[in-house]
Amino acid sequence: MKSMVDISNFLYPKTLEEAERIQKEFLKKLVLVPLDFSKVSLIAGVDVSYVDDQALGIVVVINKNFEIIEVVHERLKVTFPYIPGFLAFREAPVILKCFEKLKNTPDVILFDGQGIAHPRRLGIASHVGILLNIPTIGVAKTILYGKCEKPSFVGQATELKDRNGEVIGFCYLSKKNTKPIVISPGYKTDLESSLHIVKSLLNGFKLPEPVRLAHYYSQKLKM
DNA sequence: GCGACAG
DNA sequence: ATCTTGTCGC
C-alpha cells in the first residue's frame, strides 16, 4: 500500500497542548457514514506491543472467510509516553510504517482502542483513519470515556453515552465469562455499521478475528 | 480539589 | 502495554 501520509508535523507533538490542538484540528476532518459490509472484502486488524523502548506494530489482513491475506510488522523507537486520551501519538508512527509496507489496501481497519468513544472524539481508530483515509472501527477491552450499562447476556449491546447522553459507541458482550468489549466507529463508519461489522468478525472469540490475530502475532513475534 | 483514566 | 502461576469456568 502506497504511503500517502504527510508525516512529520502532526505526528510528533512536543507538548500535550500541541497534541490536543492536533486532535481538535483532526476533529474537523472526522467523517461518520455507514459502511456497507457486503461491499467489504479485505479487513485489517492492528496491534502494537512493546519491548523495552521499541514499539512493535502488526497489521493482519484477512478476507471474509477469515483467511489470512497478508501480515506485516515494523519496529520503531517509542517517542511519546502513554497518556490516556493520547494513545495515537504513541502508536500511530509504527502503525503508519506498517501500512507503508502493506501491499493490500484494506476496506476497513479494526483497532485495539477507541474510535469516537474518546473525550475529544479522537481515539486512535479515528486518528489513524483520518491519516490513512480508510474506514476504521475501534474495539477496546475497557472504556476510556463514557458510561454504559453492563450487557447481561451474550449478544447484547448497550449504548455507551457521553456526558451529554449522546451515544458514542456500544458495550457488547461477545462471549460468556468475559468482560464486554467496547465498540465505536472510528472514521467513515457509523454506530450501526461498526457494531454490525464487529459482530460479523467475532468467529466465536471475544475479540473480532483481525484484532485477535494481530494481538497474537505481536506477542509471538517477541519470542 | 477528588476520581477516572484505551494500550 | 508489561511483570508473572496457578486456577476457575465452559
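Labels below follow one simple rule: chain letters A, B, ... track the order of the sequence lines, proteins then strands, and each chain is numbered from 1.
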Practice task
Determine: side-chain N/O of A/Tyr145 to OP1/OP2 of B/dA4, distance under 4.0 Å, yes or no.
Solution key: no

Practice task
Report the distance from atom NZ of A/Lys179 to atom P of C/dG9, rounded to the nearest whole Å.
Solution key: 16 Å

Practice task
Under 4.0 Å between any heavy atoms, over every strand shown, what does A/Phe86 touch: base, sugar-phosphate, or nothing? Just pick one.
Solution key: base

Exercise for the section: Respond yes when some side-chain nitrogen or oxygen of A/Lys141 is under 4.0 Å from OP1 or OP2 of C/dA1, and no when none is. Expected result: yes

Exercise for the section: Between A/Lys176 and A/Lys222, name the one whose nearest nucleotide on DNA chain C is closer to the 5' end. Expected result: A/Lys222

Problem - OH (A/Tyr216) with more than 12 external heavy atoms under 6.0 Å - result: no

Handout entry: Residue-phosphate contact under 4.0 Å: A/Lys175 side-chain N/O, C/dC10 OP1/OP2
Key = no

Handout entry: Side chain of A/Leu144 - closest among C/dC10, C/dT2, B/dC5
Key = B/dC5

Problem - d(CZ, A/Arg75; P, C/dA1) in whole Å - result: 17 Å

Practice task
May I ask you to check whether A/Phe26 and A/Phe10 place their ring centers less than 6.0 Å from one another?
Solution key: yes

Problem - Nearest-nucleotide pick for A/Asp112, side chain only, options being B/dG7, C/dT2, B/dA6 - result: B/dG7

Completion exercise
To the nearest angstrom, the CG-C1' distance between A/Leu207 and B/dG7 comes to 13 Å

Handout entry: B/dC5 OP1/OP2 closer than 4.0 Å to side-chain N/O of A/Gln114
Key = no

Practice task
Compare every heavy atom of A/Ile168 with every heavy atom of A/Ile116, then report the nearest pair and how far apart it is.
Solution key: CG1-O, 3.3 Å

Completion exercise
Rounded to whole Å, the OH-C1' distance (A/Tyr82 to B/dC5) equals 6 Å

Problem - Atom pair distance, as rounded to whole Å: CZ in A/Phe205 and P in C/dC10 - result: 18 Å

Problem - Between C/dA1 (P) and A/Ile58 (CD1): distance, integer Å - result: 14 Å

Problem - Pairing of A/Lys64 and A/Glu209 as salt bridge, 4.0 angstrom limit - result: no

Problem - Contact under 4.0 Å: A/Thr142 side-chain N or O vs B/dG7 OP1/OP2 - result: yes

Practice task
Give a yes or no on whether the ring-centroid distance for A/His127 and A/Tyr187 is below 6.0 angstrom.
Solution key: no

Problem - Sugar-phosphate, base or nothing in reach of A/His215, heavy atoms under 4.0 Å - result: sugar-phosphate

Handout entry: Integer-rounded Å distance: B/dA4 C1' and A/Arg163 CZ
Key = 12 Å

Exercise for the section: Would you mind classifying the nucleic acid contact of A/Gly85 as base, sugar-phosphate or nothing, using non-hydrogen atoms under 4.0 angstrom? Expected result: base

Exercise for the section: Figure out the CD1/C1' separation between A/Ile95 and B/dG7, and round it to whole Å. Expected result: 10 Å

Exercise for the section: Describe the nucleic acid contact of A/Ile143 in one word from base, sugar-phosphate, nothing, applying a heavy-atom distance below 4.0 Å. Expected result: sugar-phosphate

